Every structure is written in C-alpha cells, then in structure tokens.
Visitor: 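I'd like to ask some things about the structure below.
Because the structure is a prediction, the values reported are computed rather than measured. Start at 1 and go down the list; that is how both ligands and their atoms are numbered. Just so you know, these numbers use all the heavy atoms, side chains as well, and skip hydrogens, waters and symmetry mates.
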Amino acid sequence: MKIVTVIGARPQFVKAAVVSRALARAGIDDVLVHTGQHYDPNMSDVFFAELGIAKPAYNLGVGSGLHGAQTARMLEGIERILVAENPDWAVVYGDTNSTLAGALAAAKLHIPVAHVEAGLRSWNRQMPEELNRILTDHSATLLFAPTAAAVSNLCAEGINGTRVRLVGDVMYDAVLLFSELTEATSDVLQRLGLSSGGYVLATIHRAENTDSPARLQAILSGLLKVAHRLPVVLPLHPRTRHVVEQNHELNESGAELFLIDPVGYLDMLMLEKHARVIATDSGGVQKEAFFHRVPCVTLRDETEWVEIVELGCNRLAPPHSADAVAAAIEAALDLCIDTTESPYGDGHSAEYIAAELAVSCECPV
Ligand code: UD1
Ligand code: UDP
C-alpha cells in the first residue's frame with residue numbers, strides 16, 4: 001500500500017512527524033512531497049532534523065507568492081508526482097495552500113484524499129484558511145476530525161456517515177511524543193535568560209493581523225505595555241518580520257520585548273511550557289498552551305478551537321486597541337488551568353489514522 005503525503009508549511013511538519021511514524025509502523029509506504037511553501041531553514045529544515053521526519057522524496061520548491069500563483073505551482077507539481085506514483089491515498093493536513101493543492105490535484109485524478117484535521121470552521125470566509133478547509137473537506141474521501149465540534153460542522157455541511165472519523169488531534173500526540181526530548185535537549189530558557197513562569201510568549205502571523213496596520217499596531221503596542229511588567233518573547237514569523245521591520249519602532253525604555261527568529265519545535269515546546277501566559281493568533285500554539293496548561297489569549301475575533309475557550313483556558317482578545325490586548329494578557333496572568341478535560345483525544349490519533357488508512361485500502365470507503 002502506498003500513500004503520497006503532501007506537506008509544505010511549519011505546522012504540517014509537526015503533524016506529519018507523528019502520522020508518518022504511525023504509517024511506517026503499519027507497514028505503509030509513505031511518499032513525502034514538500035511543496036516548498038515554507039523554505040527558510042528555521043521554518044522547514046529544523047523540523048525535519050529535530051522530529052526525525054524522512055527527507056521528502058520530492059521538493060517542489062514553489063516558494064512564496066500570491067495565493068493563486070503559489071497554489072497553481074503546487075497543483076502542477078503535485079499532479080505530475082501523483083501520476084508517476086499512482087498511490088492508493090493522498091494525505092493532506094490542516095488548511096494551508098499546500099493542503100488545498102494536494103487535495104484538489106488528487107481528487108481530480110480520482111485518487112482518494114484523506115484530510116487530517118478536517119471539519120474545523122472559523123465561519124470567517126475572509127480567512128484564506130477557511131476556504132482551504134472547506135474546499136479540502138468537500139474533496140476528501142476520508143475526513144479525520146480532531147474534535148466533536150468538527151464532526152458536527154461536517155454533518156451540518158452534509159458530510160457524514162462512513163467518511164468521517166473522530167480521531168483526536170495529532171498535535172496532542174506530538175506534544176506527548178516530543179516532551180521528553182524537549183526537556184533533555186532544549187536550553188532555550190538559559191539562552192534567553194528566562195525563568196520558568198517569568199515571561200509571556202507571543203506569536204503573530206495570521207494575515208488578518210499582519211496585513212492590517214491598525215491591528216498589528218494594537219498587538220505590538222499592547223505587548224510593549226505588558227513588557228514593562230514582565231519580559232515578552234516574540235519569535236517572529238518571517239511574514240510578520242517583514243511588516244514589523246518596515247513600519248514599527250519597538251524599542252521603549254523599560255520594556256523587555258524580545259524579538260527573536262522563529263525557533264525549532266523543541267525550543268518552542270519549552271518556551272510554551274514555562275510561559276506565564278501565551279498570546280497568539282496561531283491555531284497550533286493555542287492548543288499547545290492548553291496541553292501545557294498555560295493560560296492563552298487568542299489575538300483574533302474567533303477561533304476554530306472552541307473547546308479551550310469553553311473550558312475557560314483560552315480567551316479571545318480581538319486586537320482592536322493596545323489597551324484591549326494588554327488588559328487581556330494581564331487578566332490571564334493569574335489564571336490557573338487545572339482542568340482534567342481532554343477534548344483533543346487520547347494521544348493516539350496518529351495510530352487511529354494509520355489503522356483506518358490500512359483498512360480503507362483493503363476495503364475502499
Ligand atoms: C501559512 C498558511 C497559514 C499557516 C501558516 C503556518 C496559507 C494560506 N497560510 O501562512 O494557514 O498558519 O502558514 O506558519 O497557506 N516567508 C519567508 N520564509 C518562509 C516562508 C514564508 O520569508 O520560509 C514569508 C514570505 O514573505 C511569504 C510570507 O512569509 O510571502 C507568507 O508565507 P506563506 O506561506 O504564504 O503564508 P504564511 O503566512 O506562512
Ligand atoms: N512553532 C515553532 N516555532 C515557532 C513558532 C511556532 O516550532 O517559532 C510551532 C508551534 O509549536 C506549532 C506550530 O509551529 O507546533 C504552529 O505553527 P504556526 O503557528 O506557524 O501555524 P498554525 O498552527 O497557526 O497554522
């Protein structure tokens with residue numbers, strides 16, 4: 001049995017790291033295709049090296065660009081590979097342009113598509129990710145939903161029955177799998193001079209924030225306010241760095257705001273685990289905050305990961321002003337997260353996915 005896995009962006013490397021291991025254990029031949037959507041060493045290579053992901057059989061090297069051009073370059077390359085490899089399944093992850101290109105290329109060739117992290121919805125069609133998710137779900141044959149809410153979303157769109165499997169979230173598997181290695185190898189706290197529980201960790205990369213001068217200004221000024229009280233560490237996604245460097249002055253006497261390059265996954269887990277609060281617009285980082293039981297403030301108007309908000313572990317803070325951002329973070333500083341709820345599965349999602357794919361190959365869905 002052969003699978004072609006299409007990945008290309010940072011969070012997909014983390015997800016594929018656990019699923020590809022499970023596929024290998026199930027005896028499934030997994031041909032990795034890297035679209036090249038992310039290409040800086042600290043956005044791509046570091047994940048392959050740290051997480052033991054095999055070198056991709058193909059790297060399309062599409063690079064950055066407008067959505068249409070970037071997706072089109074991926075489609076063309078993936079189609080060529082699928083024709084040559086003729087796999088039993090194409091596997092795609094999440095909601096990036098690489099996800100959509102993989103799903104569309106395969107579905108048009110009548111190769112069944114398995115979508116890992118299916119059924120998430122923000123209900124905000126302005127987000128490129130929302131379009132990618134919806135189109136991918138509707139072209140998929142097997143939909144691996146991480147949460148009960150995701151299953152409900154799919155049902156509401158008429159996708160149900162034998163095509164949908166509730167398997168939990170592979171990112172939870174990844175945190176469990178790599179926690180020990182993180183503790184053994186990461187020295188990021190020492191390198192940055194941080195103490196456990198003594199700083200705020202922030203990430204920003206969502207287009208709705210980086211492409212809106214007002215929202216980005218509110219976030220950065222809000223973080224600066226907090227940085228007068230305790231250090232704020234901001235590993236900057238390259239998309240954000242481009243905008244920040246052009247438009248923003250972030251040196252303020254008395255404020256400890258540390259802008260650093262993106263870090264590898266193991267350093268990131270370490271930074272998350274020991275943060276007092278995490279402020280982010282990332283989907284993955286919101287959940288990782290929860291897995292580490294660290295209070296989270298989500299700098300968006302809505303989230304797909306509604307469970308953590310419902311449990312009171314994550315608060316939405318639409319970045320409409322610096323005061324709103326700073327107040328949300330400061331209110332979270334003394335939150336104690338002690339829930340035993342586990343809305344993202346039992347840490348074996350990747351194994352369930354591999355087992356389903358193995359069975360579905362014998363007995364097509
Ligand atoms: C993409 C996904 C987003 C996901 C994020 C994970 C889409 C539409 N968006 O957003 O859902 O949350 O990845 O990080 O697929 N750049 C570099 N070096 C790199 C990669 C990007 O400099 O290695 C810069 C380029 O200027 C590029 C910009 O970042 O234009 C945006 O990159 P792109 O992959 O288009 O989107 P992301 O914002 O990374
Ligand atoms: N991440 C990382 N280094 C960083 C920032 C994020 O390793 O500097 C990891 C993070 O731990 C998570 C994933 O990247 O596993 C999330 O990716 P991102 O925030 O880029 O995308 P999203 O999850 O929002 O799609």
Side-chain angles (χ1 to χ4, degrees), residues 6-18 34-47 50-51 61-71 73-74 92-102 117 120 122 126-133 135-136 169-175 177-179 182 186 188 201-211 233-246 259-273 275 278 280-289 291-292 294 298-300 303-305:
V6 179
I7 51 180
R10 175 165 71 181
Q12 294 166 333
F13 308 140
V14 176
K15 294 165 197 173
V18 284
H34 188 327
T35 62
Q37 178 170 351
H38 286 175
Y39 45 86
D40 289 347
N42 57 18
M43 295 293 288
S44 176
D45 294 356
V46 65
F47 294 89
E50 283 188 346
L51 310 187
V62 299
S64 306
L66 294 175
H67 287 274
Q70 186 187 50
T71 311
R73 288 198 293 274
M74 292 175 188
V92 296
Y93 294 87
D95 54 20
T96 73
N97 289 346
S98 298
T99 317
L100 176 61
E117 208 178 79
L120 295 181
S122 64
Q126 301 292 311
M127 290 180 75
E129 292 87 353
E130 185 78 349
L131 297 175
N132 289 342
R133 291 179 196 123
L135 295 168
T136 300
D169 184 2
V170 295
M171 291 195 93
Y172 184 38
D173 298 21
V175 167
L177 180 66
F178 293 110
S179 276
T182 297
S186 174
V188 68
L201 174 68
T203 76
I204 314 156
H205 75 277
R206 203 57 65 197
E208 72 214 40
N209 287 333
T210 59
D211 296 1
V233 182
L234 180 56
L236 270 187
H237 188 291
R239 170 191 203 103
T240 318
R241 184 171 284 281
H242 293 318
V243 190
V244 168
E245 279 175 351
Q246 283 162 21
L259 269 53
I260 60 173
D261 286 335
V263 294
Y265 182 68
L266 302 180
D267 280 349
M268 189 62 182
L269 286 190
M270 196 69 164
L271 284 171
E272 289 171 347
K273 185 172 175 187
I278 294 176
T280 187
D281 60 11
S282 157
V285 176
Q286 282 174 60
K287 284 176 295 163
E288 287 164 354
F291 300 147
H292 295 302
V294 171
T298 292
L299 301 166
R300 288 181 49 195
T303 179
E304 301 77 24
W305 303 101

Visitor: Which ligand 2 atoms does Phe47 reach within 4.0 Å, using its non-hydrogen atoms?
Guide: 2 (C), 7 (O)

Visitor: Distance to 0.1 Å, residue and atom name: give those for the protein heavy atom nearest to atom 20 (C) of ligand 1.
Guide: His38 CD2, 3.5 Å

Visitor: Among all protein heavy atoms, pick out the one at the shortest distance from atom 15 (O) of ligand 2; state its residue, atom name and that distance to 0.1 Å.
Guide: Glu288 OE2, 2.6 Å

Visitor: Do ligand 2 and Arg206 have nitrogen or oxygen atoms that lie under 3.5 Å from each other?
Guide: yes

Visitor: Taking N or O atoms only and a 3.5 Å limit, does Arg239 qualify as a polar contact for ligand 1?
Guide: yes

Visitor: For residues Glu130 and Leu120, report the shortest heavy-atom separation together with the two atoms involved.
Guide: OE1-O, 4.4 Å

Visitor: His205 heavy atoms, cut-off 4.0 Å: which ligand 2 atoms fall inside?
Guide: 18 (P), 19 (O), 20 (O), 21 (O), 24 (O)

Visitor: Atoms of ligand 1 less than 4.0 Å from His205 heavy atoms?
Guide: 4 (C), 5 (C), 6 (C), 12 (O)

Visitor: Have a look at ligand 2 and work out which part of Glu129, if any, has a heavy atom under 4.0 Å from it: side chain, backbone, both or neither.
Guide: neither

Visitor: Looking at every heavy atom in both Leu299 and Asn209, which two are closest together, and how far apart are they?
Guide: O-ND2, 2.9 Å

Visitor: What protein heavy atom is closest to atom 22 (O) of ligand 1, reported as residue, atom name and distance in Å?
Guide: Pro238 CB, 3.3 Å

Visitor: Within the 4.0 Å heavy-atom shell around Gly283, which atoms of ligand 2 are there?
Guide: 22 (P), 23 (O), 24 (O)

Visitor: Between Arg241 and Val244, is the side-chain contact (heavy atoms from CB on, under 4.5 Å) condition met? List the steps.
Guide: CA-CA 5 Å; Arg241 184 171 284 281; Val244 168; 5.7 Å; no

Visitor: With rounding to the nearest 0.5 Å, note down the distance linking OG1 in Thr136 to CD in Glu117.
Guide: 11.0 Å

Visitor: Please confirm whether Asp40 comes within less than 3.5 Å of ligand 1 when only nitrogen or oxygen atoms on both sides are compared.
Guide: yes

Visitor: Using heavy-atom distances, let me know which of Ser282, Pro235, Ala17, Pro262 sits nearest atom 19 (O) of ligand 2.
Guide: Ser282

Visitor: Write out the residue and atom name of the closest protein heavy atom to atom 17 (C) of ligand 1, then the distance separating them to 0.1 Å.
Guide: Tyr39 OH, 3.2 Å

Visitor: Would you give the length of the straight line joining atom NZ of Lys287 to atom CD of Glu272, rounded to the nearest 0.5 angstrom?
Guide: 11.0 Å

Visitor: Kindly compute the distance separating CD (Glu288) from CG (Leu271), expressed to the nearest 0.5 Å.
Guide: 11.5 Å

Visitor: Provide, to 0.1 Å, the distance between atom 2 (C) of ligand 1 and the closest protein heavy atom, together with that atom's residue and name.
Guide: Thr96 CG2, 3.8 Å

Visitor: Assess Met171 for proximity to ligand 2: is some non-hydrogen atom of it under 4.0 Å away?
Guide: yes

Visitor: Of all the non-hydrogen atoms in the protein, which one sits nearest to atom 3 (C) of ligand 1, and at what distance?
Guide: Glu129 OE2, 3.2 Å

Visitor: At a non-hydrogen distance cut-off of under 4.0 Å, which region of Pro11 contacts ligand 1 (side chain, backbone, both, or neither)?
Guide: side chain

Visitor: Among all protein heavy atoms in this structure, tell me which lies nearest to atom 25 (O) of ligand 2, with the distance rounded to 0.1 Å.
Guide: Pro11 CG, 3.5 Å

Visitor: Report yes if some heavy atom in the side chain of Met127 is under 4.5 Å from a heavy atom in the side chain of Arg300; otherwise report no.
Guide: yes

Visitor: Can you check whether Ala9's main-chain N or O pairs, donor with acceptor, with Gln37's side chain at less than 3.5 Å?
Guide: no

Visitor: Hey, what do you get for OG (Ser186) to CE (Met268), rounding to the nearest 0.5 Å?
Guide: 11.5 Å

Visitor: Please list the nearest protein heavy atom to atom 23 (O) of ligand 2 with its residue and the distance rounded to 0.1 Å.
Guide: Gly284 N, 2.8 Å

Visitor: List the atom of Ala101, the atom of Met74, and the distance in Å for their closest heavy-atom pair.
Guide: CB-CB, 3.5 Å

Visitor: Let's go through Asp211 and Arg239 carefully: what are the C-alpha distance in whole Å and the side-chain angles of both, what is the deciding distance for salt bridge (Lys or Arg N to Asp or Glu O under 4.0 Å) to 0.1 Å, and is it a yes or a no?
Guide: CA-CA 9 Å; Asp211 296 1; Arg239 170 191 203 103; 3.4 Å; yes

Visitor: Considering only heavy atoms of Asp95, which atoms of ligand 1 have at least one such atom less than 4.0 Å away?
Guide: 11 (O)

Visitor: Quick one: does Asp169's side chain have a donor or acceptor within less than 3.5 Å of a partner on Met171's backbone?
Guide: yes

Visitor: Does Thr203, backbone or side chain, put an N or O under 3.5 Å from an N or O of ligand 2?
Guide: no

Visitor: Decide whether Thr203 and Thr280 meet the rule of one side-chain donor and one side-chain acceptor closer than 3.5 Å.
Guide: yes

Visitor: Quick check on Val263 - does any of its heavy atoms sit under 4.0 Å from an atom of ligand 2?
Guide: yes

Visitor: Going by the atom numbers of ligand 2, which of them fall below 4.0 Å from some non-hydrogen atom of Gly264?
Guide: 7 (O)

Visitor: Step by step, would you call Glu129 with Thr99 a side-chain hydrogen bond (donor to acceptor under 3.5 Å, both in side chains)?
Guide: CA-CA 10 Å; Glu129 292 87 353; Thr99 317; over 6 Å; no

Visitor: To the nearest 0.5 Å, what is the distance between NE2 (His242) and CG (Leu236)?
Guide: 10.5 Å

Visitor: Between Ser44 and His34, what is the shortest heavy-atom contact and its length?
Guide: OG-NE2, 2.9 Å

Visitor: Is the Tyr265 ring parallel, tilted or perpendicular to the Phe178 ring (thresholds 30°, 60°)?
Guide: perpendicular

Visitor: Does any N or O atom in Asp281 lie less than 3.5 angstrom from one in ligand 2, N or O only?
Guide: no

Visitor: Give the numbers and elements of all ligand 1 atoms closer than 4.0 Å to a heavy atom of Met43.
Guide: 23 (O)

Visitor: May I ask you to list the atoms of ligand 1 that are less than 4.0 angstrom from any heavy atom of Ser64?
Guide: 25 (C), 27 (C), 30 (O)

Visitor: Distance to 0.1 Å, residue and atom name: give those for the protein heavy atom nearest to atom 6 (C) of ligand 2.
Guide: Arg10 CZ, 3.6 Å

Visitor: Considering Arg239, Met268, Lys15, which one's heavy-atom position lies nearest to atom 9 (C) of ligand 2?
Guide: Met268

Visitor: What atoms of ligand 1 come within less than 4.0 Å of a heavy atom belonging to Arg206?
Guide: 11 (O), 12 (O)

Visitor: If I take atom CD1 from residue Ile278 and atom NE2 from residue His292, how far apart are they, to the nearest 0.5 angstrom?
Guide: 7.0 Å

Visitor: In ligand 1, which numbered atoms sit nearer than 4.0 Å to a non-hydrogen atom of Asn97?
Guide: 7 (C), 8 (C), 15 (O)

Visitor: Scan Glu208, His237, His205, Gln286 and name whichever one has a side chain to side chain contact (heavy atoms under 4.5 Å, CB included) with Asp281.
Guide: His205

Visitor: Which atoms of ligand 2 have any heavy atom of Glu272 under 4.0 Å away?
Guide: 11 (O)

Visitor: I'd like to check which ligand 1 atoms, numbered from 1 as shown, lie under 4.0 Å from a non-hydrogen atom of His242.
Guide: 22 (O), 26 (O)

Visitor: How far is atom 35 (O) of ligand 1 from its nearest protein heavy atom, and which residue and atom is that?
Guide: Gln70 NE2, 3.9 Å

Visitor: Specify the protein heavy atom at minimum distance from atom 1 (C) of ligand 1: its residue, its atom name, and the distance to 0.1 Å.
Guide: Gln37 NE2, 3.7 Å

